[in-house]
Amino acid sequence: MSESQREFDVLVWGATGFTGRICAEYLQARYATSNLTWAIGGRNEQKLAGVRGDLGLPDTVTSVVADGHDADALAELVRRARVVLTTVGPYAKYGNELVAACAAAGTHYCDLTGEVYWMRRMIDAHQEEARASGARIVHTCGFDSIPSDIGTYFIQREMAERHGVPASEVKYVAAKSKGGVSGGTLDSAWTMMEQAKTDPTVMSVGADPYALNPPGMRGLDGPDRNGARYDADFGGWVGPFVMSQINTRVVRRTNALLDNAYGSDFRYSEGTLTGAGTRGWFGASAVALGMGAFGAMTAFDATRGLLQKRLPQPGEGPDEETRRTGFFEIELFARHPDDGLKNLRARVKGDADPGYGSTAKMLVESAVCLAQDDLTVGGGFWTPASAMGDQLLERLPENAGVTFEIV
């Protein structure tokens with residue numbers, strides 16, 4: 001079935017979950033009077049009816065029901081849509097059959113995964129089929145990793161336009177944020193540790209700074225930085241950033257998919273900016289110690305069980321007020337390869353809770369972009385920037401409250 005014959009432009013898979021429901025709410029608010037056709041989907045018809053009633057969805061928004069592990073049912077379902085937007089994670093548990101179905105049917109796909117080892121598996125298993133069918137598969141279309149990936153694409157585009165060369169290095173620091181903790185993200189961490197007990201490649205893939213690159217395409221970046229360090233370019237102390245193990249791999253894959261548009265010797269890193277002086281040092285050290293302690297506790301069954309009982313559960317998240325008043329602010333530094341006077345600074349800002357409010361808007365805009373925009377890439381596994389860089393730089397500020405500026 002060709003794209004023009006599909007029943008829906010976008011199918012929200014997992015609409016009864018916490019994030020899926022926010023995506024449906026945003027679609028209704030932003031695109032109710034547009035020509036976009038969309039549907040909600042999940043495995044429980046009664047819960048879907050509850051979402052319809054709570055959000056006041058019109059009859060033009062169809063509900064579709066299927067079992068996420070039934071390959072035949074999913075194959076039939078995805079053929080009805082141009083794009084499947086899925087919030088059903090952990091994706092290593094619940095995403096395999098859906099990716100396979102989309103790759104086979106030529107249905108575009110986007111998600112919120114941060115599971116690097118799972119993305120590597122999906123690329124290896126379905127890249128050729130997706131390329132042949134024309135399905136554009138785009139992972140990491142939320143807070144991880146759109147601010148990192150599109151932000152780097154933006155500042156590299158500015159460097160090229162202003163100075164005719166790409167930046168040899170881009171550094172990202174999380175400067176300010178307010179929002180809730182994601183139970184779904186935590187569940188992905190628990191799942192990774194469980195899978196690592198039977199598959200040692202889970203941890204080795206995650207530790208590889210070029211884990212998502214095509215074979216043979218590597219650069220100069222080494223292991224992730226996990227300690228406190230002073231960064232003169234930002235004038236302050238920097239600790240590790242909780243999403244860096246995901247975002248850095250995505251940005252490096254973008255460079256590879258763009259034929260090393262950022263340079264074969266391009267370097268990229270991320271951190272958390274905590275300020276100058278002794279206070280900044282204490283802050284960066286505290287971030288490093290906290291992340292190290294959390295990682296150690298997740299590695300053992302007993303301590304992981306204690307964390308699971310005390311931290312948010314899958315399907316739980318911040319209330320509407322927290323999501324609405326949340327925000328994030330990220331700073332980027334791009335180094336000119338020859339002239340320090342031509343270095344650039346940029347800022348990426350979001351006007352809602354990063355883990356849910358902004359994430360849902362970024363994911364929906366990615367899905368609508370895949371459905372309606374004139375993209376130049378064909379089928380295969382892409383990153384947000386390599387598939388939709390210019391288009392998202394227009395969509396996100398206009399619709400999603402995510403802005404990019406040179407400062």
Side-chain angles (χ1 to χ4, degrees), residues 10-31 38-57 61 63-68 84-95 98 109-115 118 139-146 177-192 242-243 246 307-328 350-367 400-402:
V10 175
L11 168 63
V12 180
W13 182 245
T16 60
F18 194 89
T19 307
R21 186 188 186 98
I22 300 171
C23 289
E25 185 176 23
Y26 174 73
L27 270 164
Q28 176 64 9
R30 178 68 185 81
Y31 290 100
W38 60 284
I40 58 174
R43 62 182 181 179
N44 188 303
E45 188 170 3
Q46 188 173 3
K47 289 183 178 180
L48 285 170
V51 171
R52 297 186 64 85
D54 291 345
L55 299 183
L57 299 182
V61 179
S63 297
V64 295
V65 180
D67 183 336
V84 172
L85 171 169
T86 174
T87 63
V88 183
Y91 293 90
K93 279 185 180 179
Y94 304 117
L98 185 60
Y109 165 104
C110 57
D111 67 23
L112 296 172
T113 189
E115 299 154 68
W118 179 74
H139 299 301
T140 64
C141 290
F143 186 61
D144 49 327
S145 301
I146 278 184
S177 68
K178 176 186 174 185
V181 178
S182 167
T185 298
L186 292 168
D187 196 29
S188 295
W190 316 142
T191 299
M192 180 180 72
V242 66
M243 298 297 184
I246 304 157
L307 288 174
Q308 287 175 288
K309 291 177 182 178
R310 287 165 172 77
L311 293 173
Q313 301 300 304
E316 295 181 355
D319 60 24
E320 183 178 355
E321 176 70 9
T322 301
R323 298 197 306 270
R324 184 181 61 80
T325 60
F327 66 92
F328 67 84
D351 67 355
D353 162 59
Y356 289 98
S358 282
T359 277
K361 293 191 287 185
M362 288 187 279
L363 178 61
V364 169
E365 291 300 330
S366 297
V402 179

Would you say the side-chain atoms of Tyr91 pair up with the backbone N or O of Leu112, donor to acceptor, closer than 3.5 Å?
-> yes

Heavy-atom pair of closest approach, residues Cys23 and Val12 = CB-CG1, 4.3 Å

Rounded to the nearest 0.5 Å, how far does CD of Gln46 lie from OG1 of Thr16?
-> 11.5 Å

Could you tell me which non-hydrogen atom of Leu363 sits nearest to which non-hydrogen atom of Cys110, and how far apart they are?
-> CD1-SG, 3.8 Å

Enclosure of Arg43 CZ (heavy-atom neighbours >12, cutoff 6.0 Å) | no

Before giving the answer on salt bridge (charged side-chain N to carboxylate O under 4.0 Å, His left out), spell out for Glu321 and Arg324 the whole-Å C-alpha distance, their side-chain angles and the decisive distance to 0.1 Å.
-> CA-CA 5 Å; Glu321 176 70 9; Arg324 184 181 61 80; 2.7 Å; yes

Which pair of heavy atoms, one from Glu25 and one from Leu55, lies closest together, and at what distance?
-> N-CD1, 3.8 Å

When rounded to the nearest 0.5 angstrom, what distance separates NZ in Lys178 from OG1 in Thr325?
-> 3.5 Å

All heavy atoms of Val64 vs all of Leu48, minimum pair found to be O-CD1, 3.4 Å

Sidechain-backbone polar pair: Thr359 side chain, Pro354 backbone, donor-acceptor under 3.5 Å = yes

Are any side-chain N or O atoms of Ser358 and backbone N or O atoms of Ala352, one a donor and one an acceptor, separated by less than 3.5 Å?
-> yes

Scan Leu98, Leu11, Leu85 and name whichever one has a side-chain contact (heavy atoms from CB on, under 4.5 Å) with Tyr109.
-> Leu98

Can you spot which of Phe18, Phe328, Phe143, Tyr26 makes a ring-ring contact (aromatic ring centres under 6.0 Å, His included) with Tyr356?
-> Phe18

Closest non-hydrogen contact found for Gly42 with Trp13 is N-CZ3, 3.3 Å

Rounded to the nearest 0.5 Å, how far apart are NZ of Lys47 and CZ of Arg21?
-> 11.5 Å

Ser145 and Ile246 have their tightest heavy-atom pair at OG-CG2, 3.8 Å

Is there a donor-acceptor contact under 3.5 Å from the side chain of Asp111 to the main chain of Thr87?
-> no

Report the distance from atom NE2 of His139 to atom OG1 of Thr86, rounding to the nearest 0.5 Å.
-> 11.0 Å

Is there a donor-acceptor pair under 3.5 Å between the side chain of Arg30 and the backbone N or O of Lys361?
-> no

